[in-house]
Amino acid sequence: MNFKFTDEQVKFRQEVRDFLEGEIKQGLWQPTCDAWIMAHDPEFTRRVSAKGWIGLTWPKEYGGQGRSFIDRLILTEEMLRYGAPAACHWFADRQIGGAIVHYGTDEQKEEILPIIMKGEAYVGLGMSEPDAGSDLASLKTRATEDGDDFIIDGQKTWTSGGSNMNWIYLVARTDPEAPKARGISEFFFRTDLPGVSVSPIVDITGGVHFNEVFFDNVRIPKTCLIGEKNRGFYQILNQLDFERSGMERLMANYPLFEALIQYVKETKRNGKPLAEDPVVRSKIAQLKIELEVGRLYMYRVGVIMDEGRAPNWESSMSKAYGTAFEQRLATAAIEIAGLYGQLSPASRLTPMRGMAYHSYLSSKGYSLQAGSSEVLKNIIAGRKLELSAK
Amino acid sequence: MNFKFTDEQVKFRQEVRDFLEGEIKQGLWQPTCDAWIMAHDPEFTRRVSAKGWIGLTWPKEYGGQGRSFIDRLILTEEMLRYGAPAACHWFADRQIGGAIVHYGTDEQKEEILPIIMKGEAYVGLGMSEPDAGSDLASLKTRATEDGDDFIIDGQKTWTSGGSNMNWIYLVARTDPEAPKARGISEFFFRTDLPGVSVSPIVDITGGVHFNEVFFDNVRIPKTCLIGEKNRGFYQILNQLDFERSGMERLMANYPLFEALIQYVKETKRNGKPLAEDPVVRSKIAQLKIELEVGRLYMYRVGVIMDEGRAPNWESSMSKAYGTAFEQRLATAAIEIAGLYGQLSPASRLTPMRGMAYHSYLSSKGYSLQAGSSEVLKNIIAGRKLELSAK
Amino acid sequence: MDLVLTEEQEMLKKMASDFLTDKFPKTVVKEIEETESGYSPEIWKEMAELGWMGLVFPEEYGGVDMSFLDLAMLLEEMGRACLPGPYFSTVMLGGLPILDAGSDKQKQEYLPGIASGKTIFTLALTEASARYDAAGVEAKATADMDGYILNGTKLFVPDAHIADYMLCVARTSDEAKPEDGITIFIVDAKSPGISCSLLKTIANDKLCEVVFDQVKVPKENILGEPDKGWAEVKKIVERAAAAKCCDMVGCLQEALDMTVAYAKERKQYDQPIGGFQVIQHYCVDMFTDVEGARLSAYQAAWMISEGLPCTQEVAIAKAWASFASPRVMALAHQIHGAIGCTIDHDLQYYTRRASADGVTFGDANFYREVVAREMGL
Amino acid sequence: MDLVLTEEQEMLKKMASDFLTDKFPKTVVKEIEETESGYSPEIWKEMAELGWMGLVFPEEYGGVDMSFLDLAMLLEEMGRACLPGPYFSTVMLGGLPILDAGSDKQKQEYLPGIASGKTIFTLALTEASARYDAAGVEAKATADMDGYILNGTKLFVPDAHIADYMLCVARTSDEAKPEDGITIFIVDAKSPGISCSLLKTIANDKLCEVVFDQVKVPKENILGEPDKGWAEVKKIVERAAAAKCCDMVGCLQEALDMTVAYAKERKQYDQPIGGFQVIQHYCVDMFTDVEGARLSAYQAAWMISEGLPCTQEVAIAKAWASFASPRVMALAHQIHGAIGCTIDHDLQYYTRRASADGVTFGDANFYREVVAREMGL
């Protein structure tokens, strides 16, 4: 057993921190919550790419760095801690690259991985549909074979990527006759094709990072298929475990936590800093305890991946816990701020740069995206505790 | 709308208080938690009977007082507040009398109600069986017709009444061929019959108030049947709503709450009373808020009954809420007491007369007896919100 | 005890519900939220014609002389409809305090305007400390020859930017106890020296920062007794908190209703999600919280209506509503799934308002402390 | 990072689990709990023969020189088995402090007895205040010609009634800071002036009230430096808290395992109750809590084992274990139904111990405050 990071890992973390602090000092961006999904900054992504930090864990033969998943978690954790605007490369780096490394053809690896590593693939995840959310297997978007092509028809929703999206990862039905889960395949292609139209969804904070995407007779070559035809659902299950392990599930509003700590130290009530109010102290210490335990759930997933195993219930636990934690953090922050907690980021008097307000609203979605907490608990109950209905 | 008690009700409450305070002053008993089910005191029951307080709501024609259910709740609330040893008459008064008034024959009313009102029927509720807890309809105890009698065979468990039990209310299967819920009947008879044997169950606190009861070829006359044969399950549903409305579901550990308030006022930590510790203050105020809202859920049930309606989801809500509250109260009390909270009632140094320790353990059962919280929530979801599985 | 609404109350609620549903579809709420004024003068006029502004005022001032409890029922429907505008400010924070503490002359001067919907009122109480205690009042009013000069900054003042008058709470003398030396002034909102700017808030509810810079107020504009205003402020806050609870009951009830309806309609895994036991229990937990909010809010409103002392009952109701509302809304979102997190879904109106309502006139911690004091702790 | 146990640790756990399962069926635990001594000298001897008492002590003192982390693994199994007896007191509260702070002479004098299972030790720290802070130490030791005279009353001292020696924490001089002027004494439990009475506790775990009345202790029995003992006490408490967490992991894991097994076996409504989604989620919530306890406890134990500073990590682990255990046990009971609330059911052993463990060496509030301080709040 060993709970320490290696010297190299400590050094790497420092390197990432130095880089990000330098960026902030130069005023290139301001830390925000949910920056991983909301803050699109192609320039930042290019600079991250230049550091070699996209595709960190991919094999060197494909141009990756061949580094460990713990290294990648360290990178992720610092990106989130500093609220860095990483949304442009996030999904390509976290999800698509891995899928291609795992299931892609040699051609796909040669063609697509470099685009991702250069930070040029702003990827939307085209999974959910209006009637297929938690129940992904019931999706209706069709991919029909036609010679060397597939023809795509249908609609996706909650497709990430905002207005920058130029590539889409798509899950579609390739065999309508097969049992639900057995007729699904994965695709990856550019969105500037005829027949693709995108309509942004404005979220509860006013932000735009999800889209509805419509496919009307969209023709894509068969080379866009990832992995095996009709095996997509099973490939995805794997990728979802991976997606769920993302550090963003615990730390998307880490900048809020830091701001909250500063706020209670600096804000006086009845002449004393809020930090001396025992109820506030106790609440913040409790959050700290929960955050640190959350990091353990999280790093455990990294450890498992570095052992070459696929994370399973461990990533479901990590995600369900992490999103619940973030909601508790946001709720605590807005409560501690009292009337000031109601002020929007646009207000001059807003404490914590409006992040309490923002996170209180945006964290509602955390426990829904990428596996609702209920689905995750079902998974843990079934896969690990072996509890099932008769 | 009116949230006030009438002058008569205020007077009645005072009368009950005076009586109970007088009893305590005379040293006749000490207030305890769970006294309604755990503290058996035939003498006390006789004195309560003499006041006319058993059968308070029953029609005057049967010897009752014909008073309102709110009056009865007031009586109940004060009994619990003072932790009075009412276990001998509790179930007869709360449950059986009502069932007989509702479903009994004239002969049963004439014969049994006076026994209850005299405080001489120490009733055990023979409902649960080892394999039929929440799922009561699957009970196996048989009552087979034989001439003018029924022959009872089977086993009950969690039968209340402790070692005093001299009457039993029994739910048994009278038609094994009918669908589960449609072949069940209710009976009421003395336990000193041949073939009845009783084996006490020691609970987690060391207390004995539940029994296993075995029926081996027990012969009872048909006059022991309450209501209609094979309609027992539906009669019970009604009675359960009534049972769930019992104030004891919120206030069984009220004496602990009073003791806790006194404890934090009197106990100093770091030279200051615990009551001045903001975390403790906040916790106790929260409990007070929850208790008072619980009383509203509770009195609403009384109001409904006084309107001549049967309580429905309202009593399920009241019971589920009340038992959860009592567990929170017990947990808070044991936590506030710190290391002292671990001391058993037998210890000289035990704070709050050992009630925190007692309630922490005994309150675990509150959310299980008479409808587990899960079953109650299912009922509310189904009956009121009309949510159901396909 | 009796928990049944009177026939008049049922009618009032029904009428209000019909009117508000008709006039305030969420598209209209959204439009109004986005205007600077934050209300629709046209519908405001119609509300006045229905007698809503004068609901609790005596007939002599143009009111219809109904009870505070009746008003509470109306507020519940307003909460349910997410009514935007200065109704609460005008009636609860302006009219009722004047009816309570005003001189005959003041009542005659201001109440008819309120009752007829002509005058908009508000209360300028909280300041930088953002607390509802007396120590938070630092604005100063110094006696001048023919009146007072007001100086100070008030924060989170609702609807000040459209108000005709404000009740402004200021310190008129420095005493040992922060509760002493406080006076309430009726201030003409167009007085020179008043500047007002809108704060951007979660509920888009038009809270303002109001700066008083050498604002002259005539002596006769003191509401109640000089230096002894805190007792009335406490009463205003207590009543407003109880009223806010009723508002919140409507808000939370609607969120619950929407959620239960969605759970019946939304299918996943070939059945309505309301068929899953976990979703059922979530709904029951929400329902239990809402019922607790309702019972405690009605109790508080009824006691105010009857003129009974009810500091503890109000504290219980507002604490409950304030701590229950985030958990009710969290479950509402959890059941609605992603669709509930979009700006175009009706749920978000309730999420934002519930959040604002929770802290307005005291949050759960504030009222826990009140309860602790009432318990003698 | 690496979360895998070594082969030796796995073996140790397996061996311990087999031994404890064999020796301590709950019937035996119950019998032992009901004796006054609270342990079985026979099995104690066997445990000593297995090397458990000497596990972490150097070979020169008759130990087997394993690490604190190895000991933690053993403690987890002891928690799982509800081991009654003075193991924790002797090794954690007696032996390790002596190894840590004792002179060579003291080590030679006491450690072999501990390692061989001949000597029982304990720690007399807490008093009437029942707190683990320095201000709670009011027992006094006054210098006498050839040593000290101890006076005071210690409370909640585990196993004092069977101990051969106690470490007694007493105040040797009055200083401004409560942390100063504290000394640890190794006291022969049979010294004249010591009286000991058992407290009846929820876990039946033989806590004692120990009165020191003019008890003479020779000077050479000071452990560590006179007047500067608090630093070592802090260390003892920190280490004991981490160890207690491992104990609790075993306890909670067993409660979880029993519950999941019961959910699979118990049928209601024609299916195992584990088929109901709400029961499944309850189990997952329990499991999540237990995993958090495990990861944080292992982290703390590993850091102690490595000699790394870990005040915050221990605080996190103990706070988590302490606040998670009541909710884990509440769900365990909820799923077990009424049967779990009987004295004859195994679950109650875990309920009672979890409750005791939660407050021993600091409860969640105590450690929240530690975390707050570590955060610079």
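Remember, predicted model here, so these are calculated numbers, not experimental data. A, B, ... follow the sequence lines: proteins, then strands. Residue 1 opens every chain.
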**Q** Which heavy-atom pair separates C:Arg368 from B:Ile289 by the least distance, and what is that distance?
**A** CG-CD1, 4.0 Å
**Q** Which of the residues C:Thr288, C:Asp257, C:Val4 is involved in the greatest number of heavy-atom pairs with chain B at under 4.5 angstrom?
**A** C:Thr288
**Q** Distance from B:Gln286 atom CD to C:Tyr367 atom OH, nearest 0.5 Å?
**A** 15.0 Å
**Q** So how far is it from C:Glu369 CD to B:Arg281 CZ, rounded to the nearest 0.5 Å?
**A** 4.0 Å
**Q** Using the side-chain contact (heavy atoms from CB on, under 4.5 Å) rule, take C:Leu5 and B:Met1 through it: C-alpha gap first, then chi angles, then the decisive distance, then the call.
**A** CA-CA 6 Å; C:Leu5 300 189; B:Met1 204 180 299; 3.0 Å; yes
**Q** Please rank C:Ile316, C:Leu295, C:Ile279, C:Ile273 by heavy-atom pairs under 4.5 Å with chain B and give me the top one.
**A** C:Leu295
**Q** If every non-hydrogen atom of C:Leu377 is compared with every non-hydrogen atom of B:Ala275, which pair is closest and at what distance?
**A** CD2-CB, 4.1 Å
**Q** With rounding to the nearest 0.5 Å, note down the distance linking CZ in B:Phe3 to CG in C:Asp2.
**A** 9.0 Å
**Q** Heavy atoms only, distances under 4.5 angstrom: which of B:Ile284, B:Ile380, B:Leu296 has the most pairs with chain C? Name it, please.
**A** B:Leu296
**Q** Need one label for C:Met73: side chain, backbone, both or neither, based on atoms under 4.5 Å from any heavy atom in chain B.
**A** side chain
**Q** Between C:Glu306 and B:Lys4, is there a side-chain N and carboxylate O pair less than 4.0 Å apart?
**A** no
**Q** Measuring from B:Leu385:CG to C:Leu256:CG, what's the distance to the nearest 0.5 Å?
**A** 6.5 Å
**Q** At their closest point, which heavy atom of C:Met375 faces which heavy atom of B:Ala285, and how far apart are they?
**A** SD-CA, 4.3 Å
**Q** Heavy-atom pairs under 4.5 Å with chain C - which of B:Glu276, B:Glu292, B:Glu374 has more of them than the others?
**A** B:Glu374
**Q** Heavy-atom distances under 4.5 Å only: say whether B:Lys283 touches chain C with side chain, backbone, both or neither.
**A** neither
**Q** Taking side chain as everything from C-beta outward and backbone as N, CA, C, O, which of these in C:Leu69 sits under 4.5 Å from a heavy atom of chain B? Side chain, backbone, both or neither.
**A** side chain
**Q** In this structure, are over 12 heavy atoms from other groups packed under 6.0 Å from C:Lys13 atom NZ?
**A** yes
**Q** In terms of heavy-atom proximity below 4.5 Å to chain B, should C:Phe276 be classed as side chain, backbone, both, or neither?
**A** neither
**Q** Given a strict heavy-atom distance threshold of 4.5 Å, which part of C:Glu313 is in contact with chain B: side chain, backbone, both, or neither?
**A** neither
**Q** Run the numbers on B:Lys288 and C:Glu374 for salt bridge (Lys or Arg N to Asp or Glu O under 4.0 Å), then give the verdict.
**A** CA-CA 10 Å; B:Lys288 173 72 174 173; C:Glu374 291 285 309; over 6 Å; no
**Q** Specify whether B:Trp313 and C:Phe287 have parallel, tilted or perpendicular ring planes, treating 30° as the upper limit for parallel and 60° as the lower limit for perpendicular.
**A** tilted
**Q** So for B:Asp306, is it side chain, backbone, both, or neither that comes closer than 4.5 Å to the heavy atoms of chain C?
**A** neither
**Q** Determine whether more than 12 heavy atoms belonging to other residues, nucleotides or ligands lie under 6.0 Å from atom NZ of C:Lys234.
**A** no
**Q** Which pair of heavy atoms, one from B:Ser388 and one from C:Gln280, lies closest together, and at what distance?
**A** CA-NE2, 3.6 Å
**Q** Counting C-beta onward and ignoring hydrogens, is there a side-chain heavy-atom pair between C:Val284 and B:Met317 closer than 4.5 Å?
**A** no
**Q** Non-hydrogen atoms of chain C under 4.5 Å away: do they reach the side chain of B:Val264, the backbone, both or neither?
**A** side chain
**Q** Might you work through the side-chain contact (heavy atoms from CB on, under 4.5 Å) test for B:Lys377 and C:Asp285, ending with a clear yes or no?
**A** CA-CA 8 Å; B:Lys377 288 186 181 184; C:Asp285 289 346; 2.7 Å; yes
**Q** What distance do B:Leu387 atom CG and C:Gln277 atom CD have between them, rounded to the nearest 0.5 Å?
**A** 12.0 Å
**Q** Out of curiosity, C:Met1 CE to B:Ser68 OG, how far, rounded to the nearest 0.5 Å?
**A** 11.5 Å
**Q** Over all heavy atoms of both residues, which pair between C:Gly292 and B:Val293 is shortest? Give the atoms and the distance, please.
**A** CA-CG1, 3.7 Å
**Q** Near C:Met11 CE, under 6.0 Å, is it more than 12 heavy atoms from other residues, nucleotides or ligands?
**A** no
**Q** Heavy-atom cut-off 4.5 Å, strictly under: side chain, backbone, both or neither for B:Tyr297 against chain C?
**A** both
**Q** With a 4.5 angstrom heavy-atom cut-off, is it the side chain or the backbone of C:Leu308 that approaches chain B, or both, or neither?
**A** side chain
